[in-house]
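Excluded from the calculations below are hydrogen atoms, water molecules and symmetry mates; all remaining heavy atoms, backbone and side chain alike, are included.
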Amino acid sequence: MFANTVARGRRSRGFTLVELMAVVLIASILLSIAVPLYMQQVRKGRRTDAKTAVMDLAGREERMFSTTNAYSIDPTQLGYAAVGSGAAFPQVVGNGYYNITVAAPTATTFTITATAITADQLKDTSCFSFSVTQTGAQSSLSSAGGSTTTTCWQ
């Protein structure tokens with residue numbers, strides 16, 4: 001009778017290797033689903049930095065236009081720091097995840113674009129770049145070059 005009690009006591013202590021492997025398998029499956037979804041949401045959250053930077057620069061351009069009757073491509077005139085040895089675009093914005101540029105500026109037009117630059121943010125293929133023009137028209141492109149404006153500027 002004593003031997004039976006000892007045997008029962010041994011069975012109820014701890015986990016078997018099969019039980020432990022089942023837990024590890026379930027945990028790895030959950031992690032393989034959760035981590036990519038989490039990273040996708042982080043990338044989506046960083047889009048806000050790009051949109052904010054584009055709209056901020058557009059506002060600065062409009063203020064410049066209201067006082068000088070011309071837009072500028074000089075970041076120092078718009079309140080940005082000089083890059084390297086001189087003042088030029090692109091400027092790094094969005095906690096270092098995007099470059100912002102002013103493309104094809106004239107005295108009366110501009111197109112401001114924020115483009116992903118870090119390896120992690122480049123994986124956000126659906127919203128690769130954000131643009132705004134002097135008319136306020138917003139656009140966005142995927143990494144393949146297709147328009148994703150309705151999805152990305154929400």
Side-chain angles (χ1 to χ4, degrees), residues 8-65 71-106 109-154:
R8 253 192 243 150
R10 257 190 241 156
R11 277 193 205 161
S12 64
R13 287 189 217 162
F15 301 100
T16 65
L17 182 59
V18 172
E19 291 170 331
L20 185 60
M21 293 306 291
V23 169
V24 169
L25 177 67
I26 292 169
S28 64
I29 290 171
L30 290 175
L31 282 174
S32 69
I33 294 169
V35 170
L37 290 175
Y38 170 74
M39 292 307 298
Q40 180 182 3
Q41 290 302 312
V42 168
R43 287 184 205 104
K44 190 175 178 181
R46 290 179 188 148
R47 295 176 191 170
T48 304
D49 291 338
K51 292 186 279 189
T52 301
V54 166
M55 296 306 288
D56 176 61
L57 184 54
R60 291 173 188 225
E61 286 281 14
E62 291 301 330
R63 281 191 295 281
M64 177 88 167
F65 188 81
Y71 295 115
S72 175
I73 61 165
D74 183 356
T76 58
Q77 289 180 336
L78 300 170
Y80 284 88
V83 177
S85 61
F89 282 104
Q91 292 274 326
V92 176
V93 296
N95 294 320
Y97 294 105
Y98 290 90
N99 266 347
I100 194 166
T101 58
V102 179
T106 66
T109 64
F110 67 80
T111 301
I112 300 169
T113 303
T115 306
I117 56 172
T118 62
D120 185 50
Q121 201 60 28
L122 288 170
K123 293 177 184 174
D124 186 10
T125 57
S126 61
C127 298
F128 179 72
S129 70
F130 297 88
S131 298
V132 68
T133 66
Q134 78 283 351
T135 62
Q138 300 170 339
S139 62
S140 181
L141 296 175
S142 68
S143 59
S147 177
T148 56
T149 303
T150 56
T151 305
C152 297
W153 275 97
Q154 292 180 350

As a quick check of understanding, evaluate side chain to side chain contact (heavy atoms under 4.5 Å, CB included) for M64 and L78, giving each step before the final call. CA-CA 7 Å; M64 177 88 167; L78 300 170; 4.0 Å; yes
Checking T133 against T135 for the side chain to side chain donor-acceptor pair (under 3.5 Å) test, could you report, in this order, the C-alpha distance in whole Å, the side-chain angles of both residues, the deciding distance, and whether it holds? CA-CA 5 Å; T133 66; T135 62; 2.8 Å; yes
Mind running side chain to side chain contact (heavy atoms under 4.5 Å, CB included) on S126 and K44 for me, showing each step along the way? CA-CA 10 Å; S126 61; K44 190 175 178 181; over 6 Å; no
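Going from atom CG of L30 over to atom CG of L25 covers 9.5 Å, rounded to the nearest 0.5 Å.
Remark: the backbone N or O of F110 is paired with a side-chain donor or acceptor of Q134 at under 3.5 angstrom. Without hydrogens or angle criteria, T16 side chain to E19 main chain gives a donor-acceptor distance under 3.5 Å. In this structure, the side chain of S140 does not engage the main chain of C127 through any donor-acceptor pair within 3.5 Å.
A 6.0 Å sphere centred on CE of M21 holds no more than 12 heavy atoms belonging to other residues, nucleotides or ligands.
The two residues V102 and S72 come nearest to each other via the heavy atoms CG1-O, 4.5 Å. Between S131 and T113, the shortest heavy-atom distance links the atoms OG-OG1, 2.9 Å. The two residues C152 and K51 come nearest to each other via the heavy atoms O-NZ, 3.1 Å. Taking each heavy atom of A114 and V54 in turn, the nearest pair found is CB-CG2, 3.5 Å.
Residues E62 and Y71 form a side-chain contact, since some pair of their non-hydrogen atoms from C-beta on lies under 4.5 Å apart. In this structure the side chain of T148 never reaches within 4.5 angstrom of the side chain of W153, judged on heavy atoms. A heavy-atom distance below 4.5 Å is not found between the side chains of T115 and T101. Side-chain contact between V132 and M55 is present, with heavy atoms from C-beta onward closer than 4.5 Å. Residues S142 and T125 form no side-chain contact, since every pair of their non-hydrogen atoms from C-beta on lies 4.5 Å or further apart.
The one candidate from V92, I117, T118 that meets the side chain to side chain contact (heavy atoms under 4.5 Å, CB included) condition with Y97 is T118. Here the rule is salt bridge (Lys or Arg N to Asp or Glu O under 4.0 Å) with R43, and of D49, D120, D124 only D120 fits it.
Between F130 and Y98, the ring-plane angle classifies as perpendicular under the 30° and 60° cut-offs.
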